[in-house]
Amino acid sequence: MLPNYISQLMVEAIKKAQKKGELPAFDIPAIVIERPKDPSHGDYATPVALGLARYARMAPVQIAEKIIKRVKAVDFIDEITVAHPGFINVRLSTAWLAQQVETILAEGDQFGHIELSDKKVQVEYISANPTGPLTVGSGRNAILGDTLANVLAAAGYDVQREYYVNDVGTQVDNMGKALYARYAQALGQGVPNPDEYQGYYLVEMGQVLAADVGDQYLHVDEADALAFMRRYALDGIIASLKEDAALIGVEFDRWFSEQSLYDDGTYGKVFNFLSQRNMILERDGAIWLKSDDENDKENVIVRSDGRPTYFASDIAYVYNKLNIRGFDWAIYVWGADHHGHVKRVKKVTEVLGEDPDKIEIILYQLVTITRDGVPVRQSKRTGDFITAREVVEEIGADAFRFMLLTRSADSQMELDLTLATKQSNENPVFYVQYGHARIASIFRKAEEEGATMDGGDVALLTHPSELDLIRQMLRLRETVADVVETLGPHQLTYYAQDLASAFHAFYRDCRVVTPEDPAITAARLKLVNAAKITLANTLRLMGMSAPERM
RNA sequence: GUCUCCGUAGCUCAGUGGAUAGAGCGUUUGGUUGCGGACCAAAAGGCCGUAGGUUCGAAUCCUACCGGGGACGCCA
């Protein structure tokens, strides 16, 4: 990638200048390459000379002069200049820029893919309790995780997408009880409804079940009936979660069962390991994970009734990810309400003898839902919550994804349902998609006129708006790298808007289909085709459609 | 009380130590007898919460304080 090349050129130039005695000896620091905000400063810039002033004991401008004198000539750079107070500005060659259109056309839907790493990474996201439909809050989790997975794949990683199904524990037990009550009620029995999971979906499920199997579960042992209810409810909910996820373009490679960690012996293995290392203790009838740090809290892993806690599962799960399945990197996407759990999981990873740097936990701030400014409670237990499906049916999956992706994970967001539906037509995603559709329209026009891009000479692309568009297209690779580095997929939404904006400005300035000038027509058709590819690839990374018409 | 995230234009938000702090929406004004006006251009709008510190340079890093969200369970 360009910034890396430029950085390398600078390092070589500094070394050369040092060898020639033009600069004193010092260790060369990491060289920051940035894109200047002001276009008059060129395409890339580095403040490296400013930082070197103290080591070289020279004025930054002088250092910069000495560096640029030793930068070797390369085809993609037109000129390198020094600007006060010591910036080195790099301007790309316009001929080289124009030539990149051919590169983009050749790469096609692979444009934007970079070979950053081929490591095996897992992204685990959503992983909401399987006790009800996908909520809007989980929607944010879904979009963050899914987009990040897309970008990691584009960066060369071997990506696996996983949903961790919490099919063990109190919550699913309660759901089983609730379904049992709904089932009994559907049969006219007055079984007291446990004050848990009052969602409509369990009422419906109970009715369907009653119609399917009759009253047989009223006559079996209650424990057996509950076990069946639990399993039945889980299967039903998981199936509907898959549908909800698919509705927003999210699909997983694997739905990983928490229960399986107990069934296949993983939990037993890590428990023995911790036990042998004297990492656990018994108190008040429960088993706790010791802490070597006085300030750190101890955590229960087995309750006094013998049932393991979710933390016990998490220990086994991280072992499963890193040791058994051998992921080089495991990314978790969690709501900020789980932040207290981060330290524990990192710690126990280390205790298990794994590298805690191999796990990365992305926390996103919770979404507050309001309707006409009034907060809407979000509780699966009371059945009082807004589902992702409801909102998607109102505004569409693309607008839904864009809305939740635009803000950084750190930023807490308020989503007003009334406002979101009212303003959905001005969602920026349509601006980006409009660019794509407009290009499709240009090609329809070109076909009418009998014009094609065959034989187009991209060297004819010299208009400032043409070159600006190419510059924006080339930013896709850098954006992919930035998203991986910062784990901030929201950057894509801003890039997409910049790219679309550059296209629309080009469209204003340059006519593409001009029958009296077939040469420029062909060259510009190549350009807009490359822009179409870039827009489509960007939209695809964000999990959104690229329409031909809208 | 401890931990954590946030505070940037009227609103919603970008901005991983660099040059004159940006975008969208909203407001005002203008634009194409030609490829889609879901577009383009211009203007107005800012003690970057407050106060110190670190340094050549701070919206960005550190400390304290103010204001808002979240977490501190044998729930997940």
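Here the structure is a predicted model, which means the values were calculated and not measured. Just so we're on the same page: letters track the sequence lines, and every chain starts at 1. Values below: every heavy atom of this structure, side chains too, minus hydrogens, waters and symmetry copies.
- Of the C1' atoms belonging to B:G46 and B:C56, the separation is 26 Å, rounded to the nearest Å.
- The distance from atom CG of A:Leu363 to atom C1' of B:C6 is 14 Å, rounded to the nearest whole Å.
- Contacts between residues 417-429 of chain A and RNA chain B, defined by a heavy-atom separation under 4.0 Å, are made by A:Glu426.
- In this structure, the CD atom of A:Gln365 is 10 Å from the C1' atom of B:A71, given to the nearest Å.
- Residue pairs meeting the salt bridge (charged side-chain N to carboxylate O under 4.0 Å, His left out) criterion with at least one member in residues 124-139 of chain A, sequence neighbours excluded, are A:Glu124-A:Lys321.
- Scanning atom types as modelled, one donor and one acceptor separated by under 3.5 angstrom connect the side chain of A:Gln412 and the base of B:G68.
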Exercise for review: For each nucleotide in nucleotides 16-21 of chain B, reading 5' to 3', give B when a protein heavy atom comes within less than 4.0 Å of its base, S when such contact involves only the sugar-phosphate, and - otherwise.
Suggested key: B-BBB-
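- Side-chain proximity of A:Val513 to B:C39, B:C35, B:C6: nearest is B:C35.
- Of the side-chain N and O atoms in A:Ser411, one or more sit less than 4.0 angstrom from OP1 or OP2 of B:A14.
- Nucleotides of RNA chain B nearest to A:Ala286 and A:Gly340 differ in position, and the one nearer the 5' end is that of A:Gly340.
- Applying the side-chain hydrogen bond (donor to acceptor under 3.5 Å, both in side chains) rule to A:Asp38 yields the partners A:Ser40; only residues at least two apart in sequence or on another chain are considered.
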Check residues 403-412 of chain A and write down every donor-acceptor pair under 3.5 Å in which the side-chain atom is one partner and the other belongs to a residue at least two apart or another chain.
from, atom 1, to, atom 2, distance (Å)
A:Thr406, OG1, A:Phe402, O, 2.5
A:Arg407, NH1, A:Met403, O, 3.3
A:Ser408, OG, A:Asp410, N, 3.4

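- One cannot find a donor-acceptor pair under 3.5 Å joining the base of B:A71 and the side-chain atoms of A:His338.
- Between A:Phe503 and A:Phe506, the two ring planes are tilted [angle within 30° to 60°].
- Looking only at distances, a side-chain donor or acceptor of A:Asp244 sits under 3.5 Å from a matching main-chain atom of A:Leu134.
- Taking a pair to require two hydrogen-bonding distances under 3.5 Å in either a Watson-Crick or a G-U wobble arrangement, B:U63 pairs with B:A51.
- The gap from the P atom of B:A64 to that of B:G70 amounts to 23 Å, rounded to the nearest Å.
- For the 3.5 Å distance criterion, the side chains of A:Tyr364 and A:Asn141 qualify, holding a donor opposite an acceptor.
- For residues 521-534 of chain A, the pairs satisfying salt bridge (charged side-chain N to carboxylate O under 4.0 Å, His left out) are A:Glu102-A:Lys526, A:Glu466-A:Arg524, A:Lys532-A:Glu548, with sequence neighbours left out.
- Pairing partner, B:A43: B:U27, with both Watson-Crick or wobble hydrogen-bond distances short of 3.5 Å.
- Between A:Phe252 and A:Tyr125, the distance separating the two ring centers is shorter than 6.0 angstrom.
- Between A:Ser408 and B:A14, a side-chain N or O to OP1/OP2 separation shorter than 4.0 Å is present.
- The base of B:C3 lies close enough to the side chain of A:His339 for a donor and an acceptor atom to sit less than 3.5 Å apart.
- The side-chain hydrogen bond (donor to acceptor under 3.5 Å, both in side chains) search around A:Arg283 returns A:Glu298, not counting sequence neighbours.
- Here, B:G7 and B:G15 have their P atoms 10 Å apart, quoted to the whole Å.
- With a cut-off of 3.5 Å on both Watson-Crick or G-U wobble distances, the partner of B:G73 is given as none.
- Atom name C1', nucleotides B:U50 and B:G67: the rounded distance is 11 Å, in whole Å.
- In this structure, A:Tyr317 atom OH and B:A76 atom C1' are separated by 14 Å, rounded to whole Å.
- Backbone-only engagement by A:Arg508 is indicated by non-hydrogen atom pairs under 4.0 Å involving sugar-phosphate atoms exclusively.
- One can place CZ of A:Arg407 at 15 Å from C1' of B:G69, the figure rounded to the nearest angstrom.
- Across the C1' atoms, B:C11 and B:U16 are found 27 Å apart, a figure rounded to whole Å.
- Checked against side-chain hydrogen bond (donor to acceptor under 3.5 Å, both in side chains), A:Arg140 has no partners two or more places apart in sequence or in another chain.
- Using a 4.0 Å heavy-atom distance criterion, A:Ala437 is classed as a base contact.
- For RNA chain B, the residues of residues 442-449 of chain A within the heavy-atom distance limit of 4.0 Å (strictly under) are A:Ile442, A:Arg444, A:Lys445, sorted by number.
- When side chains are defined from C-beta on, A:Arg371 counts as touching A:Ile386, because their heavy atoms get closer than 4.5 Å.
- Not a single salt bridge (Lys or Arg N to Asp or Glu O under 4.0 Å) links A:Arg57 to another residue, sequence neighbours left out.
- As rounded to whole Å, 12 Å separates atom C1' of B:G57 from atom CZ of A:Arg54.
- Using a 3.5 Å distance cut-off with no hydrogens or angles, the side chains of A:Gln171 and A:Asn166 do not pair a donor with an acceptor.
- Computed from coordinates, the A:Tyr495 OH to B:G24 P distance equals 17 Å when rounded to whole Å.
- No side-chain heavy atom of A:Tyr495 sits under 4.5 Å from any side-chain heavy atom of A:Asp482.
- The stretch residues 302-311 of chain A touches RNA chain B through A:Arg303, A:Ser304, A:Tyr310, each having a heavy atom under 4.0 angstrom from the strand.
- Base pairing of B:U16 is not made with any nucleotide, judged by Watson-Crick or G-U wobble geometry with both donor-acceptor distances under 3.5 Å.
- When heavy atoms are screened at a 4.0 angstrom cut-off, A:Ala53 is found touching no nucleic acid atom at all.
- With both ends at atom P, the span from B:A23 to B:C72 equals 41 Å, rounded to whole Å.
- The residue A:His490 sits close only to the backbone: its heavy atoms come under 4.0 Å of sugar-phosphate atoms, none of a base.
- Across all strands shown, A:Tyr494 has heavy atoms under 4.0 Å from sugar-phosphate atoms exclusively, and none from any base.
- If you measure from atom CD1 of A:Ile439 to atom C1' of B:C39, you get 13 Å, rounded to the nearest angstrom.
- Mapping A:Gln497 and A:Ser127 onto RNA chain B by nearest heavy atom places A:Gln497 at the nucleotide closer to the 5' end.
- When the C1' atom is used for both B:C25 and B:A44, the distance is 15 Å, rounded to whole Å.
- What separates CE of A:Met403 from C1' of B:C13 is a distance of 14 Å, to the nearest Å.
- With sequence neighbours excluded, the residues forming a side-chain hydrogen bond (donor to acceptor under 3.5 Å, both in side chains) with A:Ser313 are A:Glu258, A:Tyr262, listed by chain and number.
- Residue A:Tyr507 and nucleotide B:C40 are not classified as a stacked aromatic pair, given the requirement of ring centres less than 5.5 Å apart at an interplanar angle below 30°.
- Using a 4.0 Å heavy-atom cutoff across all strands shown, A:Ser441 reaches at least one base atom of the nucleic acid.
- B:C48 sits 14 Å from B:C6 when the C1' atoms are compared, rounded to a whole Å.
- A side-chain donor-acceptor contact under 3.5 Å links A:His341 and A:Asp314.
- For A:Thr135 and A:Ser138, the side-chain atoms include at least one donor-acceptor pair closer than 3.5 Å.
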